[in-house]
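As a basis for the values below, the full set of heavy atoms in this structure was taken, side chains included, without hydrogen atoms, waters or symmetry mates. Fair warning: this is a prediction, and the values are worked out from it, not measured in the lab.
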Amino acid sequence: MGDKMIATVSPSKREHTRDILDIDLQASKDVENIVFYQVPANLGSGLSMESERSLRVHVCTDNSEVNFLDIFLRHLVEYKEKYRNLTDLLFHDIEWQIEGLQLLCSFLGPGSGVKQVEFKKNVFSKKSAFAIVPLSEMLHKNNTIKAVVFSECRIGSTGAMLLASALANNRSMEEFQIWEDSIGSKGAEALSKMIEVNYMLRKLIILDNSPITVAPLISAVLARNRRVEVHIWGHSRGTKGGMDSCKIVEFLPETGCMRIYNNINSTGLQRIACALAWNTTVTTLDMSSVPLKSKWTKELRGVLERNRSLKTVKLSKCALGDKAVVYIAAGLFKNSYLESLSLDGNRFGGLGLEHLLCPLSTFSPLQRQANNTLKVLSFGGQRTNIGRYGVTAILQMLETNQSLIQLAICNDASLKPNDVVKIFTSLERNATLRSFSLRGCKGVEGEVILQTIMATLEVNPWIEEIDLHGTPLHVAGKTDQIYEKLCQNGDHVLPNDFLDLPLSAPTCCRVFLCAQESAGKSTLHNSINECMNPLKSPHTDVTSASKTPVEKMACSNENKTNAFFDGNTKLTMCSLGGNEESFALNDFMFLVHGGPCFFVIVSSLVVKPPNRHPKSIDQTELELIYWLKFLVSNAKRVSPLFLPNVTIVFTHYDKVAHLPEGLEPIAALVQRLREDFHSYAEIYPTVFAVDARSLVSVSRLTHHLRMTSKTVLQQVPRVYEVCNDLVRILHDWRLKNNKAVIKWSEFRDICQFNVPALRLRSRRDNVDKVDTRRRAVAKSLHNLGEIIFFEDLGVLIMDCDWFCRDVLSQLVTLKSIKTERSGFVRKQELERILEEKLSNQIQGSNWRAGASFQGSDVINLLLKLELCYEQDPGNPNTLLLVPAILEGSKEGTQQWHLNVPECRYVGRRLECKDTHMFLTSDFFPRLQVRLHNKIMCLGQQQGALYNLEKNLIYTVINGVHVRVELGKKDSSIGVLACSCKSVTDMVRIFHKLIIPTILNLSSSLMFEESIIRSDCVKYLIPHRFLQTQQLPLKIIKQILLSLPAESMYEYEQTWSAIESNKKIILRSGSDHARDMLSDDDFHEVLHRRYYDLQHLASELAVTPDNHQQPEIIPETDLVDPSILGIAKGVEMVLQRLKRVEQGIRDLKEEIASLRYYEYHLVTELHRKMDYVMNYNIQLEERKVPQMFYLVSVDNRSKQLVTRILPGMRSLRVHMLCEFRREMHVVEDQLGCDLIQVDNQTVKSLLPYMSKFMKLLTFALKIGAHFIVGMGEMIPDLSREVVHLLDSSAMYGTAASAASVGALGAAALYGRGRNSSNQGGASDMGEDMKTARQWLVDFLKGQGILTGMDIAQRFGLWRVRYRDDGHIAWICRKHMAAREEEIFELPL
């Protein structure tokens, strides 16, 4: 049959039959797809092959009333066995008759292999939808069809009911779609009943004229817990008066996300809420921007109380008032599963906020936090009035909450600066909150707030992120030091909205095709283009064509277009990939914007297209992981809640369709990647396997791209409405004028002539204001990705793809040019080369679009983009260094340029903390340029050394030799230094110049700083051996904090040896911590210890004024950072050494002061404990022990009870050995069981337990382990405990179990019962009366009446000290070891 069209023009049915029987069945037996098109009678019927497996059939009714469709269907029925490979049928604009439907149903009956049937704009009956009855009966019996699609077929409610009745008994259908129809409430109810009984359906898509169909369908899916992917669309009035399609409901069972957009009445919303109460499939409910009433939130309260699977609820901009929020708060009291709640953009006030935060707060020591599972909370908005009561509720919540890790107050105008100060002050002792956002809050301004935030960060190390974007403090540029403290960088300030321009949703979206070479990306691009614009596809002569129309179009550059319109939406196709050498030059240009976009990863199923050898699953996995990491590392999010949208497409499916395993391994791989990257990218669950040459095969992908673009455009922030007008204006202007680059003056003319909102109307108009508007609009278009706007140069790139493909890619060709030395080329020579490239392009290339673009303009853009730099700025004959053409040196040839015995060596390594990201190939070349520009801007750098190699920077800064190296395999950066200066001077250069530059270039990545062994720096050991030769900076600080004061200065870190091929490269060794850390880092550790001790001293009421030790010596600048001292001779060097020695002596004195402070606190602590032990010694001569504690016996291991509440069960009373200053837990002590705690027990024991635990915590925290064994029973309640455990296991630091328990208790009780510090021990002694009386009564109730009973049950004997006559209950070990100090009393 080939590619030629078989036309049928015979006058009789008999001749038609003869022609169709003459078809070569041997050539068409492998056909998989058949597309039927209804054409006018004058064009005639016929058929042609689109590709090897796709057949196109044109049908019409001729003058003799013979319908070619009936003839062809009858042929299919008669030769059904010959068409067993047929899987897809598509009917366009077909007017069905009864005979044709019966033939179609007969062919789709038993023995058919068709999997999908699609009807587009078909007419089944002009009078009634009962013509669908044959289809309904066929679907009732069919067990092979997987998908049925009706698009604009007007089946109505009757047709929907007939199809629903058939699908209710069908057990093979997995996908059902109805587009552009009106099935009404009856049809929707019928489909909902079908969903209740059909458990095989996996996808349901409805686009209806009325939103009344939504509630029945989605509520049936939720109520029956069906894992059905649901997409329901409707119509809404557009911004220009027309009707646009918009999504109403979306449910993805793979992610558990249900998104409700709009257009559902209150009754329908309540019906959906009722269905959610016992649902187990929805984990995320997103109803942002949907107006809700308090009646619905009352139903939501029931959902929160009953639902156990819902993890995230988003109710942003839902017009919720105080009453609605009160219902939500009531649901939170009984909810123990919700983790994230978004309520920003609503209009509730302080009353509602007070109720909302109530379940997240505690108001007394006896109260438990009602909700301890909610982790993320956001509220605020321009219409929210927090007020005085709301601020009080926020402060109470921040001071007492133990579960919230992320809090956001967005765009609030009611908070005053004084309120903000109070909020940050309350964060000083909050150990759980990690992220705090005040984005857009107007009250964040003033120097007082800045100082308060910095003071909070000094004492609270747990806060990882503070978001102040859009606040007056951020606009004033005063937040840099805050972000530097948090190791993060602020984004650029967005354009101000004072331009009085209306906003609307954007109408342009970019689609990035990510693929390697030979993946079929160009063919797929053109197939998508033809499917999007079928009427604009080029005409093909079917009688003599040797290639498919798509292949012909792919071979012609003239027909290739990167942008096309789908209605009012502009889709721009951008290509990523291709030549690996060009990645560093153009890929990042597509991703620097934050506009609406999504990504399509294209991968071939075969190794090379000419053969049919399939690609292994490992090769496919490596390729997909690379692209996902690339997108996650570079893609700029348009909003914090919007993840990059990724679709995976596999091409050349026609070459591997015969394989028995099919696509099951691919599907399993994609599912694993979706789970691994679920927090970084939204990967579409359906994998598309296509033949890029077949329009039928690509049609479903094209439909998905259409729907995805509309979904993305609804989620991204709004833009200026005039930008949407300019999108089409600039597109038409560029096609008309064939220019890809324009100057700013040309853009002003376009605005003046075509855009009324940006037009100067008279001479009296404010020219500056209009120009400001135009620049703001140009920046908005830049952010959308429509243009590239270089404001400083006054240049606008109209075609981003052209700029990256035809301009930046020219830098790669410089490798073949003879240059001055590696990486350098003369500026004039480069201009000449670029001019030659501009004038000698082949015909058909897009380079002529920039004919007015000169070589000097290209060089200015390269300098602006930091892709090269001038060695001698201002000199026309200067050399340009282009990092893209640098060559690397061989391993083993590297060495330091400075080599004297007095040299010190320091190394830091920045390693990417997140394994889902990496440093892309464009990062280090731009770092080489930016660091050069930054160093040259410091001044006094004439003749400074700055050498570059591939992946290496070697420079000298103020006498310090610095190397910056890239570790490509592990996405790490090594910063090494060699100098005769101190470690402090070199590390300060790192943190003031090198590391901030690295962080600014990679704002989306978070790095962990580690210290490299100094010998590795000295001998330049390669990166692959450094894994065991580095130590994270935060770990060594925690190690020092866990050591006693006398051990800090002498602590040594041991290093293992480095071996390679059984040869020792570097022997094992050790370094002192004081030599590894800078003075700034060491003083930070000491000051942190001083802060802890001062806090404990205030709790113990110790006054440091009585000390005879001097005050803490303030930190001074010990070493002059300049190198002039070395040039002045030996005398200055000796003075320098004396100052260093004095600094070491000062440091030792500071540690000595710290040791004395600790000793003084321990002494005071023991004094108060002795006072408590011997309080009112005359009372009954200590007939029972004093110090007891409670242990939970639910588990096999003992756990100390740190707080007591009524109703507690399974407790046991134990007693301590009370030998002075050597108290400990008695091993194998039986104890007494406490069956249940009543209110009287709580009243008697609460004061004793709270104060006893406070003293225990203080003692353990400063290292006075006066109750041996107690720390093992204290629960781990602090994040700091985990770090200490890790450091103990990995780095050999001793962290006893008692210290771990103490930190846990400190986190819980450090803020309890601290109203006054006066008379602490006296108060505790008073409390001992009540507790001791309870103990006496309890022991009597247990039958323990004599001292012998106590000895048998608790292992304690009553003794008296010989020196002071005090009485204590001690164990047998102390009685034997200290018999000279005591004598036993009768029991």
- Query: Are Thr620 and Asp618 close enough that a side-chain donor and a side-chain acceptor fall under 3.5 Å?
  - Reply: no
- Phe650 and Val687: CA distance, side-chain angles, deciding distance, side-chain contact (heavy atoms from CB on, under 4.5 Å) verdict: CA-CA 8 Å; Phe650 291 96; Val687 179; 3.3 Å; yes
- Message: Looking at Ser106 and Leu103, would you say the former's side chain and the latter's main chain have a donor-acceptor pair under 3.5 Å?
- Response: no
- Item | salt bridge (Lys or Arg N to Asp or Glu O under 4.0 Å) between Glu254 and Arg202, intermediate numbers included | CA-CA 11 Å; Glu254 292 81 5; Arg202 291 293 177 264; over 6 Å; no
- Query: Does the side chain of Phe36 reach to within under 4.5 Å of the side chain of Ile34, using non-hydrogen atoms?
  - Reply: yes
- CA sep, side-chain torsions, deciding dist, call: Asn170, Ser172, side-chain hydrogen bond (donor to acceptor under 3.5 Å, both in side chains): CA-CA 6 Å; Asn170 186 287; Ser172 64; 3.2 Å; yes
- Side-chain ion pair, Glu675 and Arg672, N-O less than 4.0 Å: no
- For Cys531 and Thr702, the nearest pair of non-hydrogen atoms, with its separation, is CB-OG1, 3.5 Å
- Taking the inter-plane angle between the rings of His75 and Tyr79 on a 0 to 90° scale, is it parallel (under 30°), tilted (30 to 60°) or perpendicular (over 60°)? tilted
- Item | Note: Arg53-Glu32 ion pair, threshold 4.0 Å (strictly below) | yes
- Query: Can you check whether Trp179 reaches His703 side chain to side chain, under 4.5 Å on heavy atoms?
  - Reply: yes
- Note on the structure: Of all heavy-atom pairs linking Ile205 and Lys203, the shortest is CD1-CD, 3.9 Å
- Task: Taking the side chain as every heavy atom from C-beta outward, state whether Ile601 and Leu624 have any pair of such atoms under 4.5 Å apart.
- Result: yes
- Message: Under a 4.0 Å threshold between the charged nitrogen and the carboxylate oxygen, would Lys615 count as salt-bridged to Glu623?
- Response: yes
- Message: Between the side chains of Asp654 and Arg693, is the shortest nitrogen-to-carboxylate-oxygen separation below 4.0 Å, so that they form an ion pair?
- Response: yes
- Report yes or no: do Thr144 and Asn142 form a side-chain donor-acceptor pair below 3.5 Å? yes
- Would you please classify the geometry between the Phe72 ring and the Phe68 ring as parallel, tilted or perpendicular, with 30° and 60° separating the classes? tilted
- Item | Modelled atom types, side-chain donor and acceptor of Ser527 and Glu530, under 3.5 Å | no
- Query: Does Lys247 reach the side chain of Thr711, with side-chain heavy atoms less than 4.5 Å apart?
  - Reply: yes
- Looking at side-chain heavy atoms only, is the closest gap between Lys120 and Glu152 below 4.5 Å? no
- Item | Spatial distance of atom SG (Cys597) from atom CG (Leu571) [nearest 0.5 Å] | 12.0 Å
- Task: To the nearest 0.5 Å, tell me how far Arg510 CZ sits from Phe598 CZ.
- Result: 11.5 Å
- So how far is it from Ile94 CD1 to Gln38 CD, rounded to the nearest 0.5 Å? 4.5 Å
- Are the charged groups of Arg706 and Asp566 less than 4.0 angstrom apart, N to O? yes
- In terms of heavy-atom contacts, Phe150 and Val148 come closest through CE1-CG1, 3.2 Å
- CD (Glu99) and CG (Leu69) are apart, to the nearest 0.5 Å, by 10.0 Å
- Item | Residue pair Glu175 / Gln177, side-chain donor-acceptor N/O under 3.5 Å | yes
- Nearest heavy-atom pair of Leu201 and Met194: which atoms, and what distance? CD2-CE, 4.2 Å
- Query: Cut-off 3.5 Å, side chains only: do His678 and Thr255 have a donor facing an acceptor?
  - Reply: no
- Can you tell me if His92 and Asn122 form a side-chain donor-acceptor pair at under 3.5 Å? no
- Under 6.0 Å between the ring centres of Phe124 and Phe119? yes
- Under 4.5 Å between any side-chain heavy atoms of Pro253 and Val228, yes or no? no
- Query: For the rings on Tyr653 and Phe688, is their centre-to-centre separation under 6.0 Å?
  - Reply: no
- Task: Rounded to the nearest 0.5 Å, what's the gap from CG on Leu701 to CG on Leu524? Could you check?
- Result: 6.0 Å
- Which heavy-atom pair separates His652 from Ser518 by the least distance, and what is that distance? CE1-O, 3.7 Å
- Message: Is there a side-chain contact (heavy atoms from CB on, under 4.5 Å) between Val66 and Thr61? Walk through the geometry before answering.
- Response: CA-CA 5 Å; Val66 176; Thr61 302; 6.0 Å; no
- Message: Set out, in order, the CA-CA distance, both residues' side-chain angles and the distance that settles side-chain contact (heavy atoms from CB on, under 4.5 Å) for Leu76 and Lys80, then state yes or no.
- Response: CA-CA 5 Å; Leu76 292 178; Lys80 181 184 294 187; over 6 Å; no
- Task: Answer whether the closest heavy-atom distance between the side chains of Lys629 and Ile625 falls below 4.5 Å.
- Result: yes
- Task: Quickly, which of His731, Lys570, Met573 forms a side-chain contact (heavy atoms from CB on, under 4.5 Å) with Phe564? Name it, please.
- Result: Met573
- Message: Once rounded to the nearest 0.5 Å, what's the spacing between atom CG of Asn33 and atom CG of Leu89?
- Response: 9.0 Å
- Query: Between Lys710 and Ser245, is any side-chain donor less than 3.5 angstrom from a side-chain acceptor?
  - Reply: yes
- Beyond-backbone contact of Val600 with Phe512, side-chain heavy atoms, under 4.5 angstrom: no
- Task: Please assess Asp181 against Ile155 for the test side-chain contact (heavy atoms from CB on, under 4.5 Å), listing each intermediate value before the final yes or no.
- Result: CA-CA 7 Å; Asp181 210 323; Ile155 62 174; 3.2 Å; yes
- Query: Is the closest basic N to carboxylate O distance between Lys608 and Glu517 below 4.0 Å?
  - Reply: no
- Task: Begin with the C-alpha distance, continue with both residues' side-chain angles, and end with the deciding distance and a verdict on ring pair (Phe, Tyr, Trp, His ring centres under 6.0 Å) for Trp96 and Phe91.
- Result: CA-CA 10 Å; Trp96 290 96; Phe91 299 93; 5.1 Å; yes
- Return the minimal non-hydrogen interatomic distance between Val690 and Ser697, and the atom names on each side. CA-OG, 3.2 Å
- Message: Using only atom types and a distance under 3.5 Å, with no angle test, would you say the side chain of Ser575 pairs donor to acceptor with the backbone of Leu513?
- Response: no
